[in-house]
Amino acid sequence: MFDHEREVIEEKIKVFCTENDIPLTSIEWKPLPFSGEWGISTSFFQAAANEARSGKKVNVPQRAQEIAEGVREHLGTPEGFSRVEAVKGYLNLYFSTAEYARRVVETVLRDKADFGRGAPKGERVMVEYAQPNTHHSFHIGHYRNAILGESLARLVEFAGFETIRASYPGDIGLGVITVLWIYDKFYKGQEPEGIHERGQWLLKLYVEATQLLEPKEDETPEARAQREAYDAERREMLRKWDAGDPYVRELWLRTREWSLEELRAILEMLDIHIDVWFYESEVDEPAKEIVEELIARGIAEDERPEGPVIVRIDEKLGLKKEKYRTAVILRSDGTTLYLTKDLALAKIKFEKYGVDRSIYVVDTRQSLHFQQVFKILELWGFPQAEKCYHLGYGFVSLPEGAMSARRGRVVLFKDVADEAVRRVLSVESEKSPDLSEEERRAVAQKIGLGALAYAMLSVDNNKDTVFDMDAALSFEGRTGPYIQNAHVRAASILRKAGPLAGRATSRTPDFDYNLTPHEIRLIDLISRFPATVEQAAQEYRPLVMATYAYDLATAFHSFYHAVPVLQAEEEGIRLARLALVAAAKQTIANALRLLVIHAPEVM
RNA sequence: GCCCCCGUAGCUCAAUGGAUAGAGCGCCUGACUUCGAAUCAGUAGGUUGUGGGUUCGAGUCCCGCCGGGGGCGCCA
């Protein structure tokens with residue numbers, strides 16, 4: 001945000017170093033650790049170390065300090081800065097707060113929802129997430145995936161990438177057929193009312209079917225014969241699906257739609273809007289063609305009929321140790337695999353959608369799978385392969401152990417969301433008694449889902465988590481509602497200010513009074529928002545934004561308590577602080593938006 | 001056997017190779033006749049699993065070891 005000032009100073013530092021024969025390599029700026037003042041900082045350890053390496057006998061920390069002092073004298077006090085100091089090898093430049101504060105607030109109030117948006121990057125990125133299997137129900141693990149993917153999509157989009165959101169439901173496979181089988185055999189014609197009821201019912205059928213089809217200990221010969229007969233029926237159904245049997249296909253499409261309806265309803269609730277839907281079943285045929293091409297080009301080896309079609313990735317790359325191993329891309333019976341379909345899908349993404357970089361938000365347990373996909377794409381000759389990225393995340397387990405759809409041991413997202421709303425409502429009636437019933441529900445949903453989203457996004461993605469309802473739905477401390485509350489408090493002040501708020505925001509007031517450290521801290525954080533967006537997007541890490549949003553909210557809450565706004569003595573100060581409150585509110589809202597969390601006016 | 005991830009306060013987690021390793025929860029102390037207490041201010045709590053190495057500087061990078069989790073030719 002202060003690039004120009006920085007460049008001017010960098011130029012001067014370079015001149016000083018050249019004149020004094022100091023081997024400066026690069027200048028890197030960091031925000032000054034906050035201690036009541038606000039500014040930027042750089043250090044000279046690198047330059048001093050360079051001298052040491054070139055043979056001069058120097059003590060690096062001492063020499064760094066000498067250089068810093070030299071630079072300080074050379075710079076004097078540049079335009080726009082209040083003071084410059086050299087401490088322990090660091091050069092610290094403190095901003096003249098009045099001018100900088102005004103500039104920050106003015107920028108935010110001018111750009112509004114666009115404050116922090118990066119310049120167009122000229123690249124198209126596709127983020128693939130929301131890949132639940134159909135004929136199941138959406139559980140809390142799927143939720144982590146969806147919220148992580150959506151936050152990432154919003155981040156890269158806001159940072160300046162043209163962004164396409166893709167969903168890839170697994171709509172076929174033995175698990176799906178298992179549900180079709182039991183439905184057709186025992187429940188034909190039944191259909192619960194209600195989108196979520198219907199979706200969840202499919203999961204119940206799956207659990208029941210699994211029990212019927214799983215071998216038991218000490219099973220009687222009759223039971224065993226029964227089970228094997230069931231299994232034969234199931235396999236026959238899979239064969240029929242594969243052969244395009246009209247009856248099985250119709251049944252499959254109809255029940256699949258029940259799942260997809262539920263998925264769409266949940267995504268809608270989460271404010272997620274998918275641009276492109278890929279279905280596993282649709283890439284099956286293209287996948288087969290790809291195998292032929294890879295064989296023809298000598299990348300894959302056909303061991304049929306004795307074995308499958310494979311790619312010896314390590315061998316092709318000339319690696320001695322096993323790393324990517326050998327991947328099977330076609331079963332010996334000619335059917336495709338997960339990997340085959342991902343190859344086909346990647347080709348479609350590159351060629352049909354023209355994506356330059358491709359991000360896969362998928363469980364970290366599949367990291368070998370994706371490494372294999374990316375390496376095969378590379379061997380195949382796609383230049384985009386190096387810009388493919390697997391954003392893995394740790395799986396979500398329950399206090400009683402891993403979730404298991406087969407055993408029906410899952411925590412459904414819908415149940416958690418409902419519970420979240422209930423809990424918010426119970427505290428809300430006392431917090432804001434004036435709301436209408438309708439408003440109250442709408443707000444409760446925003447707060448409940450905000451708590452949930454923040455609980456997911458505030459943990460580094462590669463860590464496994466145990467889902468704890470009480471922790472995830474906590475509203476106090478480092479949580480979504482804490483941040484939302486800062487936004488609400490800002491909104492409240494602006495409402496109470498009446499016409500004064502309009503005056504404060506239409507023409508940015510001056511900040512030429514003695515700012516408190518609370519105000520400076522707040523402005524400091526606001527000014528860091530654009531760089532934070534860039535960093536989070538560059539590193540594909542929503543956590544960076546989650547941490548920032550909390551820090552910003554903390555700064556606002558502290559400011560709120562310590563610094564009077566409407567009660568400030570002079571009108572000039574009132575106006576300036578009102579403008580600052582408006583800027584803080586806007587920045588909090590922008591940050592929350594990137595975390596897929598609503599910023600309500602009241603709560 | 002090989003590969004990947006993790007190990008930081010009692011618990012859950014942060015920390016582009018930089019200044020005194022930070023938050024939340026929990027514990028204890030204070031602050032609502034005052035812009036909304038889902039808040040704030042403060043106390044206590046650490047040999048960053050361990051042994052080496054690189055570096056002016058290591059929680060962070062490299063190597064070994066210990067502990068936990070995940071993955072590895074026809075599941076997804």
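Just so you know, these numbers come straight off a predicted model, no measurement behind them. Numbered from 1 within each chain, the chains take letters A, B, ... in sequence-line order.
There is a side-chain donor-acceptor pair under 3.5 Å between Tyr94(A) and Glu85(A). Inspection of the Asp363(A) and Tyr393(A) side chains reveals no N or O donor paired with an N or O acceptor under 3.5 Å. Glu66(A) and Gln62(A) are not linked by any side-chain donor-acceptor pair at a separation below 3.5 angstrom, with hydrogens and angles left out of the test. A donor-acceptor contact closer than 3.5 angstrom is absent between the side chains of Asp171(A) and His135(A). A side-chain donor-acceptor contact under 3.5 Å links Arg331(A) and Thr335(A). Counted by atom type alone, Tyr482(A) and Thr554(A) present one or more donor-acceptor pairs between their side chains at under 3.5 Å. Checked by atom type, the side-chain pair Tyr338(A)/Glu280(A) shows no donor-acceptor distance below 3.5 Å.
Using a 4.0 Å heavy-atom distance criterion, Val488(A) is classed as a base contact. The residue Val602(A) sits close to a base: some heavy atom pair falls under 4.0 Å. No contact: Ala52(A) has no heavy atom under 4.0 Å from any strand. Within 4.0 Å of Ser492(A), counting heavy atoms only, lies at least one base atom of the nucleic acid. The residue Arg423(A) sits apart from the nucleic acid: no heavy atom pair falls under 4.0 Å. Looking at heavy-atom distances under 4.0 Å, Val459(A) makes contact with sugar-phosphate atoms alone, never a base. The residue Arg541(A) sits close only to the backbone: its heavy atoms come under 4.0 Å of sugar-phosphate atoms, none of a base. Across all strands shown, Val563(A) has heavy atoms under 4.0 Å from base atoms, whether or not it also approaches the sugar-phosphate.
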Identify the pairs formed between an N or O of the protein and an N or O of nucleotides 19-21 of chain B at a distance under 3.5 Å, and give each distance.
{"unit_1": "A19(B)", "atom_1": "N6", "unit_2": "Ser41(A)", "atom_2": "OG", "d": "2.8"}
{"unit_1": "A19(B)", "atom_1": "N6", "unit_2": "Asn92(A)", "atom_2": "OD1", "d": "3.2"}
{"unit_1": "A19(B)", "atom_1": "N1", "unit_2": "Asn92(A)", "atom_2": "OD1", "d": "3.3"}
{"unit_1": "A19(B)", "atom_1": "N1", "unit_2": "Asn92(A)", "atom_2": "ND2", "d": "3.3"}

Using a cutoff of under 3.5 Å, can you pull out all pairs of nitrogen or oxygen atoms linking the protein to nucleotides 24-33 of chain B, with atom names and distances?
none

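Look at Lys321(A) and you'll find a side-chain N or O under 4.0 angstrom from OP1 or OP2 of C3(B). A close approach under 4.0 Å does not occur between any side-chain nitrogen or oxygen of Ser458(A) and OP1 or OP2 of C13(B). Contact annotation: Tyr482(A) side-chain N/O to C40(B) OP1/OP2 distance is under 4.0 Å. Distances shorter than 4.0 Å separate none of the side-chain N or O atoms of Asn485(A) from OP1 or OP2 on G36(B).
Without hydrogens or angle criteria, Ser151(A) side chain to Leu594(A) main chain gives a donor-acceptor distance under 3.5 Å. In terms of modelled atom types and a separation under 3.5 Å, the side chain of Thr340(A) and the main chain of Leu337(A) share a donor-acceptor contact.
Comparing G24(B) with A58(B), their P atoms are spaced 29 Å from each other, to the whole Å. Spacing of C1' atoms, U16(B) relative to C72(B), comes out at 34 Å, to the nearest Å. Here the separation of A19(B) from G64(B), taken at their C1' atoms, is 32 Å to the nearest Å. Between C40(B) and G51(B), the distance separating the two C1' atoms is 45 Å to the nearest Å. Atom name C1', nucleotides U54(B) and G7(B): the rounded distance is 23 Å, in whole Å.
Heavy atoms of other residues, nucleotides or ligands lying less than 6.0 angstrom from CZ of Arg407(A) number 12 at most.
Across residues 495-503 of chain A, Lys496(A) each have a non-hydrogen atom less than 4.0 Å from an atom of RNA chain B (numbered order).
Taking the side chain of Pro61(A) as heavy atoms from C-beta on, and the options C56(B), G36(B), C3(B), the nearest nucleotide is C56(B). The side chain of Asn462(A) lies closest to C5(B), out of U39(B), C5(B), C13(B).
Nearer to the 5' terminus of RNA chain B, by closest-nucleotide assignment, is the contact made by Val466(A) (compared with the other of Ile493(A) and Val466(A)).
Atom CD in Glu66(A) sits roughly 14 Å away from atom C1' in C56(B) (whole-Å rounding). Atoms CG (Leu543(A)) and P (C13(B)) sit 12 Å apart, rounded to a whole Å. Separating the CD atom of Gln46(A) from the P atom of C56(B) is a distance of 9 Å, rounded to the nearest angstrom. Between Phe559(A) atom CZ and A41(B) atom P there is a gap of 14 Å when expressed in whole angstrom units. Protein atom CG of Asp460(A) is 20 Å distant from nucleotide atom P of A23(B), rounded to whole Å. Protein atom OH of Tyr454(A) is 18 Å distant from nucleotide atom P of U12(B), rounded to whole Å. Between the CG atom of Leu435(A) and the P atom of G36(B) there is a distance of 14 Å, given to the nearest Å. Rounded to whole Å, the distance from CZ on Arg63(A) to P on G57(B) is 18 Å.
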Under 3.5 Å, which donor-acceptor pairs do the side chains of residues 571-578 of chain A form with other protein atoms, sequence neighbours left out?
{"unit_1": "Glu571(A)", "atom_1": "OE1", "unit_2": "Arg503(A)", "atom_2": "NH2", "d": "3.2"}
{"unit_1": "Arg574(A)", "atom_1": "NH1", "unit_2": "Ala568(A)", "atom_2": "O", "d": "2.7"}
{"unit_1": "Arg577(A)", "atom_1": "NE", "unit_2": "Glu519(A)", "atom_2": "OE2", "d": "3.0"}
{"unit_1": "Arg577(A)", "atom_1": "NH1", "unit_2": "Pro564(A)", "atom_2": "O", "d": "2.8"}
{"unit_1": "Arg577(A)", "atom_1": "NH2", "unit_2": "Glu519(A)", "atom_2": "OE1", "d": "3.3"}

- Note on the structure: A correct 5'-to-3' footprint of nucleotides 61-76 of chain B, with B, S and - meaning base, sugar-phosphate only and no protein heavy atom under 4.0 Å, is --------SSBBBBSB

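Contact annotation: the side chain of Met456(A) approaches that of Phe467(A) to within less than 4.5 Å [non-hydrogen atoms, C-beta and beyond]. Contact of the Ile520(A) side chain with the Phe34(A) side chain is registered, since non-hydrogen atoms from C-beta on lie closer than 4.5 Å.
With sequence neighbours excluded, the residues forming a side chain to side chain contact (heavy atoms under 4.5 Å, CB included) with His598(A) are Asp271(A), Lys446(A), listed by chain and number. Remark: Arg521(A) engages Asp524(A) in a salt bridge (charged side-chain N to carboxylate O under 4.0 Å, His left out) (not counting sequence neighbours). The side chain to side chain contact (heavy atoms under 4.5 Å, CB included) test applied to Tyr389(A) returns Ile359(A), Leu391(A), Tyr540(A), not counting sequence neighbours. In this view, Glu419(A) and Arg422(A), Arg423(A) satisfy the salt bridge (charged side-chain N to carboxylate O under 4.0 Å, His left out) rule, not counting sequence neighbours. Partners of Glu476(A) according to the salt bridge (charged side-chain N to carboxylate O under 4.0 Å, His left out) rule, which considers only residues two or more places apart in sequence or in another chain, do not exist here. For Glu322(A), the salt bridge (charged side-chain N to carboxylate O under 4.0 Å, His left out) partners are Arg325(A), not counting sequence neighbours.
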- Note on the structure: For RNA chain B, the expected dot-bracket line (Watson-Crick or G-U under 3.5 Å, [ ] crossing, | inter-strand) is (((((((..((((....[...))))..((((.......))))......(((((..]....))))))))))))....

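A glycosidic torsion no more than 90° from 0 defines the syn conformation, and C32(B) adopts it.
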